[in-house]
Amino acid sequence: MEKNIAVIRGDGIGPEIVREALLVLDKICDIYGHKFNYTEVKMGGCAIDEFGEPLPDSELSKCIASDSVLLGAVGGSKWDTVPGHLRPEKGLLKLRSGMGVYSNNRPAKIWPQLASASPLKTEIVEKGIDFIIVRELIGGIYFGKHETYDENGEKKAVDELVYRESEIERIGRIGFETAQKRNKKLCSVEKSNVLDSSRLWKDVMHRIAADYPDVELTDMLVDNCAMQIVKDPSQFDVIVTENMFGDILSDEASQITGSIGMIPSSSLGATSCGLYEPIHGSAPDIAGKDLANPIGTILSAAMMLRFSFDMVEEADAIEKAVSKTLDKGYRTQDIKTKGATDLIRVGCREMGQLIIDNIK
Ligand code: IPM
Ligand code: MG
């Protein structure tokens, strides 16, 4: 098969981790006889430097025209002082909404090899951590009006949180469908004791639940959910939630699995053209030092093969190669348990190469 992939290396560690993921994809092409054509797209701080804005329309068009997009990470302190509407992160939000990818899927699964890297007690980890956060990605407070103005001699800032029934329904259906393919438990997370948008969220979830009689729907307030994720993560199968709650809970969920550097994500909308990115940021503090963990990006590439290109065997091959590499004790610094003498610390490039060597 031939596929056109838009590649956004971005800022900070972005170029290093994307390089490894592309080498993995090249190996897949060699083994399975596919051809992937890569189109470079500039987004984030590097695009601000070159074009004066984080994602020019011409760069967005390349993404929309592709079969899928692979993204590293964007942002860094160098661009902290640019006006809010020009920040690197605005490029990412424009990309997500421009591609219409409303459904962000973030797995929180502990690799057995990394159990000791989890900050949770062994008895909690042993009960199992394997759930998915389905995060609404192109609505809510991220996309409402953002304003700061003077009022009565002081500054006032307003961020608007809007959800329409149709937006809630389409992500809700993804939540139910995801649960149907797993253990059939869906937990809808909101703040309905305070927010109107959350009360609407809850109403819509219960209305559409009638179409999925095989799925057990529960509701949970977001503050309680944050607590339950560390208290007993084994209770969760699929969590569906709005944009900002999903942002916060997915960082928390990643940490209990050992490292945010391990977690991939897929974002999909109405078509098979998806956006695939690790959930971590650009980590400017370790950029260019060969310290980054490329696994989140490599697993994101595997998700691209699985969900957008229907290349199930190829995706399995990548995931198995990651597992085998971890089995052999290789660890980047973020997942190396302190004092463990049986583990071998490697850099970003070596980790990438080891995974490539383990692809069969
Ligand atoms: C994420 C990130 C982004 C978000 C930032 C970089 C805008 O934290 O993908 O989780 O908040 O969505
Ligand atoms: Mg985040």
Side-chain angles (χ1 to χ4, degrees), residues 8-15 17-18 21 41-48 53-55 60 63 69-80 82-108 132-144 146 159-161 163 167 171 189 222 225-226 229 239-257 259-269 274-285 287 292-293 296-297 299-300 303-304 334:
I8 307 176
R9 297 175 196 263
D11 311 313
I13 58 170
I17 53 181
V18 167
V41 172
K42 285 239 164 98
M43 185 180 91
C46 58
I48 296 174
E53 53 175 310
L55 182 66
L60 172 61
C63 296
V69 181
L70 182 68
L71 162 66
V74 296
S77 54
K78 180 177 173 198
W79 304 281
D80 272 352
V82 301
H85 68 287
L86 285 179
R87 284 187 62 98
E89 292 81 1
K90 277 284 172 194
L92 180 56
L93 301 189
K94 179 174 171 181
L95 176 68
R96 289 170 177 171
S97 84
M99 290 179 70
V101 288
Y102 61 85
S103 169
N104 181 217
N105 177 323
R106 298 187 162 189
I132 289 182
I133 296 180
V134 175
R135 169 187 176 194
E136 199 292 323
L137 201 59
I138 57 175
I141 201 161
Y142 278 59
F143 290 91
H146 305 289
D159 297 292
E160 185 189 45
L161 198 182
Y163 269 109
E167 292 173 299
I171 191 69
V189 172
V222 64
C225 183
I229 284 177
I239 288 174
V240 64
T241 193
E242 63 98 62
N243 203 344
M244 186 154 80
F245 298 160
D247 177 45
I248 298 168
L249 294 177
S250 61
D251 267 33
E252 185 192 13
S254 73
Q255 205 51 47
I256 64 168
T257 69
S259 168
I260 195 168
M262 296 292 297
I263 312 287
S265 81
S266 66
S267 304
L268 284 156
L275 169 62
Y276 296 85
E277 51 171 320
I279 79 161
H280 61 72
S282 60
D285 52 324
N293 183 349
T297 316
L299 293 173
S300 298
M303 278 182 126
M304 171 187 290
D334 56 317

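Atoms within a ligand are numbered from 1 in the order they appear, just like the ligands themselves.
Contacts between Met244 and ligand 1, counted as non-hydrogen atom pairs separated by less than 4.0 Å, are absent for every part of the residue.
By the 4.5 Å heavy-atom criterion applied to side chains, Ile17 and His280 are counted as neighbours.
Of the candidates Asn104, Ile133, Ile260, Ile279 forms a side chain to side chain contact (heavy atoms under 4.5 Å, CB included) with just one, namely Ile260. For the pairing with Ile171, the side chain to side chain contact (heavy atoms under 4.5 Å, CB included) check across Ile138, Thr241, Val134 returns one residue only, Val134.
Of the protein's non-hydrogen atoms, Arg106 NH2, 3.4 Å is the one closest to atom 1 (C) of ligand 1. In this structure, the protein non-hydrogen atom closest to atom 10 (O) of ligand 1 is Asp247 OD1, 2.8 Å.
At a threshold of 2.8 Å, the Mg ion (ligand 2) has a backbone or side-chain N, O or S atom of Asp247 nearer than that distance.
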request  = Tell me, with the steps shown, if Asp247 and Tyr142 meet side chain to side chain donor-acceptor pair (under 3.5 Å).
outcome  = CA-CA 10 Å; Asp247 177 45; Tyr142 278 59; 3.0 Å; yes

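Below 3.5 Å of separation, one finds an N or O of Arg135 facing an N or O of ligand 1. Remark: ligand 1 and Tyr142 share an N or O pair separated by less than 3.5 Å (distance only, no angle test).
Applying the 6.0 Å contact sphere to NZ of Lys90 captures more than 12 heavy atoms from other residues, nucleotides or ligands.
Atom CD of Glu277 and atom CG of Leu95 lie 8.0 Å apart (nearest 0.5 Å).
Nearest to atom 3 (C) of ligand 1 by heavy-atom distance, out of Arg96, Glu89, His280, is Arg96.
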